Amino acid sequence: MNKKTEIKLLKEKAQKGNAKSMCELALLYANGDKGLSKDEKAALELLKKAADKGYTKGMTGIGGFYSLGLAGLEKNVDKALEWFLKAADKGDASAMYLIAKAYEDGLEESKQDKMTAFEWYKKAAKKASPVKGAAIYEIARYYEIGRGDIKQNPKKAIDLYKKSFEEGYSEAAYMLANLYYILDFQKPQSKEYKKEAVNWYLKAAKKNHRDAMFETAEFYMEGAGDFFKKDVKKAVKWYLKAANAGQKKAIFVIGSFYDQGINSLAQDKKKALEWFKKTGEDDLFCKIGDFYKDSGYRTYGFNNSKKIALSYYKKAAKKGSIDAMYKIGGLYRSELDDKDKNIKTASEWYKKAADTGDKKSMHTLGECYIEEKDVQKALEWFEKASKAGNIDSTLKLGLYYEYGYEGFVKDEKKSLEYYKKALKEDPSHAEALYGMGRFCEHGKGGLPQDENKALDYYEKAIDNEKNSLKYAYLKLLFSGQNQSSSREEATDAQTNDQASDKKKDIMYQIGRNYLNKGRTNSFQRDEKNALKWFQKAFEAGDDDAAYTIGSTYEEQKDDLMALEWYKKAADNGDNDAIYKIGCLYIYTKNNSIKNNREGINWLQKAAALGYDSAISELKYLYSDGSDPFCNEILSDEEITESDIDWYKKNALSEGNERDMYLIGRFYEKGSRGYKKDEAQALEWYIKAAEKGYTQAMALVAYFYAYGPGGLKKDEKEALKWYKKIGKKDNGCSLYNEAHFYESEYTNLVVDKKRALKLYKLSAEFGYTDALYNIGCLYEEGPDGIKKDEKEALKYYQKAVENGSCIGMIKMAYIYDYGLCGLKKDKKEALKWYKKIGKEDKGYTLYMHARYYESGCDDQGPDKKRALKLYKLSAEFGYTDALCKIGYLYEEGPDGLKKDEKKALGWFKRAAAKGSVEAKKSHGGFIL
């Protein structure tokens with residue numbers, strides 16, 4: 001059916017009173033679609049007729065027109081809400097969803113109600129309709145962020161986003177990926193979160209979500225651990241998809257790949273510019289520069305992205321771009337490589353921009369002169385910028401005159417004038433308010449001391465900070481964590497509308513500002529003032545302040561006062577404080593407080609409350625007896641049976657294989673309060689080994705092989721465990737284990753036969769370094785191993801076939817001295833030495849020459865052979881060998897002819913290659 005026929009039939013149905021057709025026709029008129037001229041008034045009339053017939057879509061449509069101010073209607077969200085409510089009363093899910101949206105952020109602020117919105121989203125989510133997925137998505141956002149009375153619950157948010165995606169709402173997959181990404185940021189040790197993030201970005205990308213396409217491309221470009229391999233071709237494919245969908249970052253990426261000719265796209269400057277133009281950006285060259293500058297940390301493959309950015313900024317600057325001039329200054333000032341940074345060049349570019357009247361450039365030029373220690377010029381440009389209306393310069397002058405910073409003469413009256421000027425320009429500027437607050441608090445600049453007035457200023461400053469995007473981001477990122485590392489951010493993110501609570505929050509924030517832990521940087525660090533304000537906050541009912549007072553005293557090394565305040569915090573149920581009290585008792589240098597047992601009791605209290613740091617601390621104190629520092633803190637004698645029971649129970653409940661292994665070690669040694677018991681040791685080693693802990697596996701095998709403490713030997717069981725070790729890491733751990741048996745090592749017996757057996761097992765599992773060691777054991781024939789030079793040669797040759805450098809050295813050595821049944825063959829030896837030289841540019845030859853020079857085996861020193869190998873090493877580019885040759889000619893040892901002229905020639909060559917040693921020892925002769 002063609003468009004004309006379709007429209008004709010639709011009109012006929014509408015004229016006959018079909019309400020559904022009326023609404024469909026209204027939509028076409030509203031958008032000017034399918035050949036109809038856009039006619040919002042005709043659309044509204046049709047919607048009214050449909051509504052008169054009781055058709056809910058007509059009512060919802062009229063509400064939409066009022067909401068957007070279409071068809072000549074005045075924009076009126078209240079009127080829109082009336083129509084949405086009419087439709088919702090008749091069960092229309094779309095209307096319910098729109099009501100929720102209005103209550104959330106559409107109505108004027110006084111009428112907004114997050115929880116009313118939440119209830120309407122829930123109603124919409126229960127209906128089978130096109131908006132069901134969107135409604136579930138909005139509910140998920142409540143749980144993700146913690147809106148209204150709904151507490152933050154990431155797990156519930158994840159479940160709801162998944163349901164929303166199942167309902168076909170692709171945005172949910174993207175938000176789910178973002179949520180997993182934030183969780184990964186908070187807990188990077190858990191690889192599962194990143195894995196889920198990648199998975200959900202990919203799902204959203206497959207649903208044509210353009211931002212998800214870009215994120216998927218980024219993961220392919222960089223890789224994400226073992227679960228998502230780097231694949232540049234796939235990355236480019238997804239960048240192109242995202243770019244073609246209009247994703248701006250992706251457009252820049254594709255443009256840059258053509259621009260630089262990288263990542264499988266051939267260099268094509270014309271095509272690159274075409275792509276860049278698709279971004280629709282004004283001042284295009286400057287924006288291209290921004291992209292390159294901000295992409296330095298990415299793995300796009302640019303060769304010095306900052307320099308590329310500089311070249312584009314200069315193109316933009318030639319076209320008169322002030323922004324580009326300013327950014328060139330920024331690159332020269334601090335962002336280029338050290339060798340290219342130049343504060344004078346930066347100042348020149350800032351001045352070009354400043355001369356056009358750019359206030360920001362004037363201010364930054366002042367900062368450059370501060371860096372150059374030219375206070376007079378800095379003052380000149382700060383004053384120019386301030387007069388031009390740059391509030392940053394006004395505040396900078398206020399701050400510098402207030403404290404006498406950066407060579408300014410302290411002048412509180414001048415400072416006060418600048419703070420007043422800043423407040424006139426922006427009455428809500430936090431730094432200006434803080435400045436006025438400090439002047440009132442301390443009676444500076446001729447103002448009378450007035451703490452109440454200071455509090456008013458501080459309150460306004462803090463309120464304005466809390467409305468910032470930065471504050472909202474911190475609240476989202478850190479809420480819900482109870483560890484001390486996030487305490488300040490979490491406390492800072494709390495809001496309370498009651499006046500008394502607000503007052504204590506302000507006092508607490510002022511204290512943080514004096515510690516330089518607030519968002520402002522205009523306070524001079526003053527711990528005495530900080531403690532004063534924290535104590536005021538505590539007296540006003542802020543329980544959190546007690547912990548902060550404790551931590552401030554702890555920073556001051558006043559452990560006695562810290563302990564007193566931590567105990568006050570602990571009395572109010574602060575888990576952080578309980579943990580801190582335990583640590584103070586144990587680690588304090590104040591002997592009047594130090595009490596290990598009391599500390600352990602407090603740590604156990606915190607651990608019982610699920611405090612992770614306390615659990616980790618107890619594990620460290622109980623377990624790591626091998627750490628001398630730990631032994632100094634908690635000796636074996638101080639550990640009680642209850643401590644041992646706690647550690648064993650925790651190891652089992654956590655399933656921690658390392659702790660199980662350590663318990664085995666303590667039973668085996670009879671240390672850390674454990675009674676020596678080999679049977680118990682084996683039992684705990686097996687627990688750890690069954691969880692894949694390699695060291696425990698090796699000890700289980702050892703116990704079965706040798707039966708220490710009267711335990712029954714079992715070679716078959718030992719072999720079984722050795723094979724498990726081999727499978728785990730392709731024979732590497734078996735190789736190490738064999739090395740332990742071969743040499744005198746800790747508490748393992750020396751057993752060359754077992755070493756040989758384990759080297760062979762290691763080689764079977766693919767660890768080729770073991771082949772050389774097998775050869776050595778057959779060549780030497782120690783401790784009951786039958787000497788077999790032919791077998792030794794066979795294994796050396798196998799080692800070489802697998803690329804073993806040390807095997808090559810051995811083959812050269814064999815031919816050099818005629819070992820393992822082979823005749824001396826200098827040519828064959830030289831061939832092997834050259835192979836070695838090619839492998840690592842002469843390093844191994846150099847080391848082997850040193851071996852000959854010093855005589856580290858039965859053959860004794862061989863200076864002539866050493867000289868020959870040093871020369872070979874030098875041929876392959878190893879510079880250190882040049883000096884060694886010089887020394888040998890200079891000294892003429894063991895039959896070598898002394899030749900100082902030749903020596904000097906070799907030292908000159910070494911110096912020319914940059915040898916510091918040659919320049920230092922013979923600089924006077926060779927320069």
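Since the structure is predicted, the reported quantities are computational estimates derived from the model, not experimental observations.
- Residues Y292 and Q260 are in side-chain contact: their nearest non-hydrogen atoms beyond the backbone lie under 4.5 Å apart.
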Legend entry - salt bridge (charged side-chain N to carboxylate O under 4.0 Å, His left out) between E138 and K101, intermediate numbers included: CA-CA 9 Å; E138 294 297 341; K101 277 285 179 193; 3.1 Å; yes
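- To the nearest 0.5 Å, the span separating NZ on K194 from OH on Y181 amounts to 5.5 Å.
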Inset, instruction - Kindly determine whether E171 and Y137 satisfy side chain to side chain contact (heavy atoms under 4.5 Å, CB included), including the steps that lead there. - result: CA-CA 8 Å; E171 184 68 26; Y137 167 88; 3.5 Å; yes
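- Using a 4.0 Å cut-off between a side-chain N of Lys or Arg and a carboxylate O of Asp or Glu, E6 and K34 qualify as a salt bridge.
- Within a 6.0 Å radius of NZ in K460, other residues, nucleotides and ligands contribute 12 heavy atoms or fewer.
- Residues E459 and K503 are not paired through a salt bridge, judged by the lack of any N-O separation under 4.0 Å between the basic side chain and the carboxylate.
- By the side-chain contact (heavy atoms from CB on, under 4.5 Å) test, A235 is found to be paired with Y220, M221, Y239, residues two or more places apart in sequence or in another chain being considered.
- Put simply, the side chain of N199 does not reach to within 4.5 Å of the side chain of Y180, judged on heavy atoms.
- D290 contributes atom CG, which lies 8.5 Å from atom CD of E281 (distance to the nearest 0.5 angstrom).
- In this structure, L47 and C23 have side chains that are in contact, with non-hydrogen atoms separated by less than 4.5 Å.
- For R210 (side chain) and A242 (main-chain N/O), no donor-acceptor pair under 3.5 Å exists by modelled atom type.
- At most 12 heavy atoms of other shown residues, nucleotides or ligands fall within 6.0 angstrom of atom NZ in K75.
- When only modelled atom types and interatomic distance are considered, N464 and S428 share no side-chain donor-acceptor pair under 3.5 Å.
- Within the 4.5 Å cutoff, side-chain heavy atoms of K11 are placed close to those of I7.
- Atom NZ of K207 has 12 or fewer neighbouring heavy atoms from other residues, nucleotides or ligands inside a 6.0 Å radius.
- With values rounded to the nearest 0.5 angstrom, I136 atom CD1 is found 13.0 Å from F165 atom CZ.
- With no hydrogens or angles considered, a side-chain donor-acceptor pair links D211 and Q247 at under 3.5 Å.
- Across all their heavy atoms, T60 and A87 have their closest contact at OG1-CB, 3.4 Å.
- When every heavy atom of K248 is checked against every heavy atom of T279, the shortest pair comes out as CE-O, 3.4 Å.
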Inset, instruction - Take E167 and K163, measure what side chain to side chain contact (heavy atoms under 4.5 Å, CB included) needs, and give me the verdict at the end. - result: CA-CA 6 Å; E167 290 292 332; K163 285 179 183 174; 5.8 Å; no
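- Scanning all heavy atoms of the two residues, the minimum distance from V236 to I254 falls at O-CD1, 4.2 Å.
- Residue I391 holds its CD1 atom at 13.0 Å from NZ of K424, rounded to the nearest 0.5 Å.
- In this structure, L273 CG and D259 CG are separated by 9.0 Å, a value rounded to the nearest 0.5 Å.
- Here CG of D542 is found 6.0 Å from CG of D505. Values are rounded to the nearest 0.5 Å.
- Here the side chain of N31 pairs no donor or acceptor atom with the backbone of D33 at under 3.5 angstrom.
- In the displayed structure, K234 atom NZ is contacted under 6.0 Å by at most 12 heavy atoms of other residues, nucleotides or ligands.
- A donor-acceptor distance shorter than 3.5 angstrom exists from the side chain of S295 to the backbone of F291, with no hydrogens or angles considered.
- Between H209 and Y174, the ring-plane angle classifies as parallel under the 30° and 60° cut-offs.
- Using a 4.5 Å heavy-atom threshold, the side chains of F118 and K122 count as touching.
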Inset, instruction - Report the C-alpha separation of L25 and L36 in whole Å, then their side-chain angles, then the decisive distance to 0.1 Å, and conclude whether the side chain to side chain contact (heavy atoms under 4.5 Å, CB included) test is met. - result: CA-CA 10 Å; L25 192 57; L36 287 176; 3.9 Å; yes
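- One finds a salt bridge joining K327 and D323 here, because a Lys/Arg side-chain nitrogen approaches an Asp/Glu carboxylate oxygen to under 4.0 Å.
- Under a 4.0 Å N-O distance rule, the pair R147/E104 qualifies as a salt bridge.
- Looking at K315 and Y312, their side chains come closer than 4.5 Å, going by heavy atoms from C-beta outward.
- Using a 4.0 Å cut-off between a side-chain N of Lys or Arg and a carboxylate O of Asp or Glu, E74 and K79 do not qualify as a salt bridge.
- Residues A243 and A250 approach most closely at N-CB, 3.6 Å, considering heavy atoms.
- Enclosure of atom NZ in K132 by more than 12 non-hydrogen atoms of other residues, nucleotides or ligands within 6.0 angstrom is indicated.
- Y300 and E218 share a donor-acceptor pair across their side chains, judged by distance under 3.5 Å alone.
- Applying the ring-ring contact (aromatic ring centres under 6.0 Å, His included) test to residues at least two apart or on different chains, the pairs with a partner in residues 85-107 are Y97-Y121.
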Legend entry - Intermediate values then yes/no, side chain to side chain contact (heavy atoms under 4.5 Å, CB included), K48 and L46: CA-CA 5 Å; K48 284 179 178 177; L46 285 164; over 6 Å; no
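- A donor-acceptor contact under 3.5 angstrom links the side chains of N178 and Y201, judged on distance only.
- Taking 4.5 Å as the limit, some side-chain heavy atom of I462 sits within range of a side-chain heavy atom of Y434.
- Taking the side chain as every heavy atom from C-beta outward, M115 and D113 approach each other to under 4.5 Å.
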Inset, instruction - Would you sort out whether D392 and K360 count as a salt bridge (charged side-chain N to carboxylate O under 4.0 Å, His left out), showing the intermediate values? - result: CA-CA 8 Å; D392 290 333; K360 184 171 65 171; over 6 Å; no
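- Counting all heavy atoms, side chain and backbone alike, A316 lies closest to F285 at CB-CB, 3.8 Å.
- When every heavy atom of L44 is checked against every heavy atom of L73, the shortest pair comes out as CD2-CD1, 3.8 Å.
- Atom CG of D105 is surrounded by more than 12 heavy atoms from other residues, nucleotides or ligands within 6.0 Å.
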